[in-house]
Amino acid sequence: MPGIVLVGAQWGDEGKGKATDALGARVDYVVKFNGGNNAGHTVVVGGEQYALHLLPAGILTPGVTPVIGNGVVVDLAVLFEEIDALTARGVDCSALQVSANAHIIAPYHRVIDKVGERFLGKRRIGTTGRGIGPAYADKMNRVGVRVQDLFDEHILRQKVEGALDQKNHLLVKVYNRRAITVDEVVEELLSYVDRLAPMVRDTALELHRALGRGDTVLFEGGQATLLDVDHGTYPFVTSSNATAGGACTGTGVPPNAIDRVIGVAKAYVTRVGEGPFPTELHDEWGQRLREAGGEYGTTTGRPRRCGWYDAVVARYSARINGITDLVLTKLDVLTGIERIPVCVGYRVDGRLVEEMPFSQSDVHHAVPQYEYLEGWTEDVSSARVFEDLPPAAQRYVLAVEELSGARISAVGVGPEREQTVVRHDLLG
Ligand code: IMP
C-alpha cells in the first residue's frame, strides 16, 4: 500500500495534520504537494501543541522523510523560521527535502496579495495575505522564480528583473506603493542559499525510487477540495490544486502510483475567508460550534465560519478525489446537541438537488435541506473503538457514512494523537 493521498474534503482545517501525524512512524515519506504557508496544521503530541504552516506534518515523526514537492510555493523566511522554532523544541528537521522545481514566494508577492485584496474591497477573496495567489500567478505566467534559480545569481537577477518589470508599474501607478528594487529581492533570496542547498533535490526521482522500493509515501494536501482552483467554489478558492490529482502534478508521481485516497472531514463544517457556504450558521449554534471546536485560524487567527455537516459537499469530494477512506474529525464537539442537523440536499430556486450545482450562482442560492439525527450527552473523548461510542454517536457516524458515499475509517474524538476511533486500518 505504498502511495497514499490525504486531502481535505471540505473548506480546509478539517484536521489533516492530526490524521497525517496519526499515521506516524508507519509512513516513510510525507510529501506536501500544493499550497504554501497559507496552511495551518495544529498537531498536539504529548500535550505539546505544534502549529505548522509550511512544513509537512510528518516532520514531527522521527524516521519520516518530509518532502516539499514542486507544486508548493515556498516562502524561505517562513521555512527557516519554522525549522528554527521546531529545532529549538528538540525536533530534528535535518531530513527535509525541497524540490528544485518548487516556486519561491518573493517579497513582492506578499505585498501584491495584501494591497490587491484591499483594492478588491467588497469583492475580496479573504486570502491569508501570504503571497500565495501572486506566486502561483507568476508560475502560470512563466515569470516565477524557482528554488533552483537561487543557485545561479545571474539567472536569479534576470528572473527577478523580469518579474518586477510589470509589477513595479502596478505597485506604483495603480496601488500607490513604493517600487521594489531587484537588489533588495536578490539580496534577501541569496541570504538563504547556504542553508537551503543541502535540502534541494530532484524530489520526483527520489519519490519514484522510494515507491519502487515499496516504501510508504503519504501525499499531504494543503487546503481542501472546495478551495481547489478548478473544483472549488471559484473564485473563492486558493490558487492551487488541493484535490487528489494535485498529488501527481505537484510531485511528479504518476496516477498509477496512488493506491488509496484518504479524505478528512469535520463532523460539521467550517470555512475561513469569503465565498458560498450553504450550511453556514449565523445564529448562536454557529457561535457554539466555534467555541466548542476552538474554530479560530491557525495561520491568521481569524474566527472560522461554522455550519452543520453537508453531505452534498462530502459526496462531491468523494467523487472528485476518489476517496477510499473518510476520516471524520471532531465528533466530540457535537456532544450535548439534542438533535443534530445534517444537510442531505439543497433547494435551489424551488428545485431539490442532491449533487453540488455546477453553477456558482446556484451554490450561492442553495438552501440546505436537513435531516435531524439524535444527539448524545455522554463524553466521547476516551473512545478508542467504535463500540466505545454511545449508541446515538455510532448512529450519527453510520448515517453520515451512508450519506457521504465513502466509508468512515477513523473518527476523531479529541485533539490528542491517541484520541481516535479506528474502524479500518488506513494503511492496511
Ligand atoms: P490564499 O490561499 O491565501 O490565496 O486564500 C484563498 C482562500 O483560501 C481564502 O478563503 C483562505 O481563507 C482560504 N485558505 C487558504 N489556506 C487555507 C487553509 O489552510 N485552511 C482554510 N482555508 C484556507
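Note that the numbering runs from 1 along the sequence shown for the chain. Counting starts at 1 for both ligands and their atoms, in listed order.
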- May I have the step-by-step check of side-chain contact (heavy atoms from CB on, under 4.5 Å) for T61 and L23, ending in yes or no? CA-CA 10 Å; T61 310; L23 296 173; over 6 Å; no
Report task. Check the pair Y396, L389 against side-chain contact (heavy atoms from CB on, under 4.5 Å), reporting the backbone distance first and the verdict last. Result -> CA-CA 10 Å; Y396 183 84; L389 291 172; over 6 Å; no
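A salt bridge does not link R118 to D113: none of the charged side-chain nitrogens sits closer than 4.0 Å to a carboxylate oxygen. Note on R26 versus D425: salt bridge recorded, some NZ/NE/NH1/NH2 to OD/OE distance being below 4.0 Å. Under the 4.0 Å criterion applied to side-chain N and carboxylate O atoms, E295 and R290 are not assigned as salt-bridge partners.
Taking each of L227, T127, T238 in turn, the one with a heavy atom nearest to atom 13 (C) of ligand 1 proves to be L227. Relative to atom 18 (C) of ligand 1, the option among N38, I132, N37 with the closest non-hydrogen atom is N38.
Using a 4.0 Å cutoff on heavy atoms, G126 counts as a contact of ligand 1. Residue contact check for ligand 1: R302 places a non-hydrogen atom closer than 4.0 Å to it. Within the 4.0 Å heavy-atom shell around ligand 1 one finds Q223.
Residue contacts with ligand 1: R130 is placed with no nitrogen or oxygen under 3.5 Å of a nitrogen or oxygen of the ligand (distance criterion only).
Of all the atoms in ligand 1, the ones that sit under 4.0 Å from a non-hydrogen atom of G273 are 10 (O), 12 (O). For ligand 1, the atoms sitting less than 4.0 Å from at least one non-hydrogen atom of I125 are 10 (O), numbered in the order shown with element in parentheses. When each atom of ligand 1 is checked for a heavy atom of W11 under 4.0 Å away, the hits are 21 (C), 22 (N).
The backbone of V237, and not its side chain, has at least one atom closer than 4.0 Å to an atom of ligand 1 (non-hydrogen atoms only; backbone = N, CA, C, O).
Regarding atom 22 (N) of ligand 1, its nearest protein heavy-atom neighbour is V272 CG2, 3.3 Å. Nearest protein neighbour of atom 20 (N) of ligand 1, counting heavy atoms only, is D13 OD1, 3.1 Å. Here the heavy atom of the protein found nearest to atom 3 (O) of ligand 1 is T128 OG1, 2.6 Å.
Y29 pairs in a side chain to side chain contact (heavy atoms under 4.5 Å, CB included) with only one of the listed residues (T65, T251, L218), which is T65. In summary, of the residues considered (V7, V67, V253, L6), a side chain to side chain contact (heavy atoms under 4.5 Å, CB included) with F219 occurs for V253 alone.
When all heavy atoms of C248 and I258 are compared, the pair lying nearest together is SG-CG1, 4.2 Å.
Atom CD of residue E81 and atom CG of residue D75 lie 8.0 Å apart, to the nearest 0.5 angstrom.
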